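Scroll down for the structure; my scribbles are underneath it.
Within every chain, numbering begins at 1; the chains are lettered A, B, ... in the order of the sequence lines, protein sequences first and strands thereafter. Everything numeric in this text was worked out from a predicted model, so none of it was measured.
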Number of protein chains: 2
Amino acid sequence: MKIATFNVNSLRKRLPLVLDWLEQHRPDVLCLQETKVQDEDFPSLALAPSGYHLTFRGMKAYNGVAVLTRQPPDQVSYGLDDGGEPDEARLIRITYQGIPIINTYIPQGYLIDSPKYQYKLEWFTRLRRYFDKHLSPKMPAIWCGDMNVAPRPIDVHSPEKHLQHVCYHEAARKAYAETVAWGFADVFLKLYPDRQQYTFWDYRQPSSLEANKGWRIDHILATMPLAEKVTEVAVDLEPRRAKDPSDHTFLWAEFAI
Amino acid sequence: MKIATFNVNSLRKRLPLVLDWLEQHRPDVLCLQETKVQDEDFPSLALAPSGYHLTFRGMKAYNGVAVLTRQPPDQVSYGLDDGGEPDEARLIRITYQGIPIINTYIPQGYLIDSPKYQYKLEWFTRLRRYFDKHLSPKMPAIWCGDMNVAPRPIDVHSPEKHLQHVCYHEAARKAYAETVAWGFADVFLKLYPDRQQYTFWDYRQPSSLEANKGWRIDHILATMPLAEKVTEVAVDLEPRRAKDPSDHTFLWAEFAI
DNA sequence: GAAGATGCAG
DNA sequence: CTGCATCTTC
């Protein structure tokens, strides 16, 4: 089974890119973040030629997640369900051929001294409780998406410059690590423990792509029974180099199931 | 001598169209309206390959006029000069090979009961005085541009519906007619007194182009000595049908001089 | 730097 | 419907 994740930064602007990638790679599941489209305006018609089943939850200008699957999902649910802000446009859970797949767009956090950063940190603890409620570390499950955290120094260019950045700050990495520690393994790390490979290059940083000044903040994780079966993981640079790119690119993983 | 006029509705957005048209038609003079670009940002570099000389006056988001000439103009001046608002981004006068050419973007007028409509009506009377000051009806001269007036019922689709429209309202037609009566002749009317031929189709009116629901509000006029020498007048529909069109299209006239 | 929202204008 | 400006977010 092939699973991919991609922060599209507006699905409507990235339709040609997404359709093209689906056709070329035919993943079983593609998780999208930052679709930036309300459900009423979701481009179902434009995506129809792909043949993928569409599961989505969005809002007016920001956030928005979607999961595209070759077959219809068995089950679908949106957002956190602990009684707090559900943030439906940031989390979709489906069950696909018996396997729970959680697609998240973790809050970015703005600045470390802002309420948004507190909200981000809480989001990770809420998510860990969400895993407790809906999954078991002993059963196959996948968690993927834009985590807005570079877990290790190697996962960001010039880490020493980014100690106060909300995507590398100690507390964010700790919050992410503790949620991972619930029972997930990063499948990229599993296959390539020493490789530097980014998934995001800021539009603002001039020539960030050519100079490869990026971040690895998009991740695919699996519980042990599934992580053991990972056969291939890759970042596809081509869509980031294409015309009218997202600032992120595709990450995908293949599992022997 | 071949003279053309075109309301571009943003010159920067219409650069490919304009360059293409210049290459195909090679007019001696092309008058543009609604360039929507400040002089600092005028796309001189992009237009350089055309070889045309560039005369322009614009402002931030609205209005803006330009005259492109095969040879450098003899003389150039901008705006009305009666001590009132000069509205430089609405009028350019050049002398080209001895012939005065006035390119105007007449105020649209918003609604007939608005101050903007009063301003439009005054603009015509000010323009007539401007002609008095700078031209003679007995000498060759050209006045062209977007006049925002459909002079006759045949010049607008469903005229009976547009009696209260600022581009067809009685007072606007009268103001325009009185300025024309200073000493100009509409060269399109001279050659085709009975022909219905629009130059503008509203973006808003759905399928205005397919249904040919348009307006003839762009005009080329000449004083008698020149009007007598007109050999050809045409509206080119192709640019309006092209991809990313302006809501107006090109009108051109050929004079035997 | 890129995207969407809003407001203004034609 | 299209274009520009301003604002906000990442």
Side-chain angles (χ1 to χ4, degrees), chain A residues 7-15 17 33-38 41 58-64 89-90 105-111 114-117 119-120 146-149 165-167 200-210 213-215 217-218 240 242-248, chain B residues 7-15 17 33-38 41 58-64 89-90 105-111 114 116-117 119-120 146-149 165-167 199-210 213-215 217-218 240 242-248:
Chain A
N7 178 318
V8 279
N9 187 18
S10 170
L11 176 54
R12 283 173 295 186
K13 287 268 170 178
R14 234 59 71 195
L15 276 169
L17 211 61
Q33 305 86 38
E34 284 206 89
T35 55
K36 292 187 177 177
V37 60
Q38 318 176 66
D41 302 327
M59 55 186 289
K60 192 171 263 227
Y62 305 114
N63 311 327
R90 289 189 182 274
Y105 174 50
I106 305 285
Q108 194 254 7
Y110 186 40
L111 291 171
S114 71
K116 289 184 179 182
Y117 188 58
Y119 187 70
K120 175 183 192 167
D146 178 353
M147 310 304 180
N148 271 313
V149 171
H165 190 291
V166 290
C167 295
F200 162 79
W201 298 261
D202 202 319
Y203 287 133
R204 286 165 288 186
Q205 181 113 18
S207 70
S208 67
L209 190 61
E210 302 73 49
K213 294 186 174 176
W215 299 68
I217 58 179
D218 302 279
R240 184 62 181 83
K243 185 165 124 64
D244 294 329
S246 168
D247 41 4
H248 295 246
Chain B
N7 177 317
V8 279
N9 187 17
S10 169
L11 177 53
R12 284 173 295 185
K13 286 268 170 178
R14 235 59 70 195
L15 276 169
L17 211 61
Q33 307 85 36
E34 282 205 89
T35 56
K36 293 188 178 177
V37 61
Q38 318 176 65
D41 302 328
M59 55 186 289
K60 194 171 261 226
Y62 306 113
N63 311 328
R90 291 189 181 274
Y105 174 50
I106 305 283
Q108 193 257 5
Y110 185 41
L111 291 172
S114 71
K116 289 185 180 183
Y117 187 59
Y119 186 71
K120 174 182 192 167
D146 178 353
M147 311 303 181
N148 271 315
V149 172
H165 191 290
V166 289
C167 295
T199 62
F200 161 79
W201 298 261
D202 202 318
Y203 288 133
R204 285 165 289 187
Q205 182 114 16
S207 70
S208 67
L209 189 61
E210 302 73 51
K213 295 188 172 175
W215 297 68
I217 58 179
D218 302 280
R240 184 63 180 83
K243 185 167 125 62
D244 294 330
S246 167
D247 41 4
H248 295 246

Check your understanding: Who are the side-chain hydrogen bond (donor to acceptor under 3.5 Å, both in side chains) partners of B:Y203, not counting sequence neighbours?
Key -> B:N9

Point to revise | For B:L111, all residues meeting side-chain contact (heavy atoms from CB on, under 4.5 Å), sequence neighbours excluded | key: B:D113, B:S114

Check your understanding: Using a heavy-atom cut-off of 4.0 Å to chain B, what are the terminal contacting nucleotides of DNA chain D, in 5' to 3' order?
Key -> D:dC1 to D:dT6

Study note, to complete from the structure: Applying side-chain hydrogen bond (donor to acceptor under 3.5 Å, both in side chains) to B:W201 and not counting sequence neighbours gives B:N212

Revision key, fill the gap. By salt bridge (charged side-chain N to carboxylate O under 4.0 Å, His left out), B:R14 pairs with (sequence neighbours left out) none

**Study point:** Non-neighbouring partners of B:D202 that pass salt bridge (charged side-chain N to carboxylate O under 4.0 Å, His left out), sequence neighbours left out
**Key:** B:R204

Check your understanding: Is the distance from OP1 or OP2 of C:dA2 to the nearest side-chain N or O of A:S246 less than 4.0 Å?
Key -> no

Study note, to complete from the structure: Sorted by chain and number, sequence neighbours left out, side-chain hydrogen bond (donor to acceptor under 3.5 Å, both in side chains) with B:Q205 holds for none

**Study point:** nucleotides 5-10 of chain C: protein proximity per nucleotide (B base, S sugar-phosphate only, - neither; heavy atom, under 4.0 Å)
**Key:** SS-BSB

Exercise for review: Would you please name every residue forming a side-chain contact (heavy atoms from CB on, under 4.5 Å) with B:K13, sequence neighbours left out?
Suggested key: B:S10

Review point. Do the side chain of A:R90 and the main chain of A:G64 share a donor and acceptor less than 3.5 angstrom apart?
Key: no

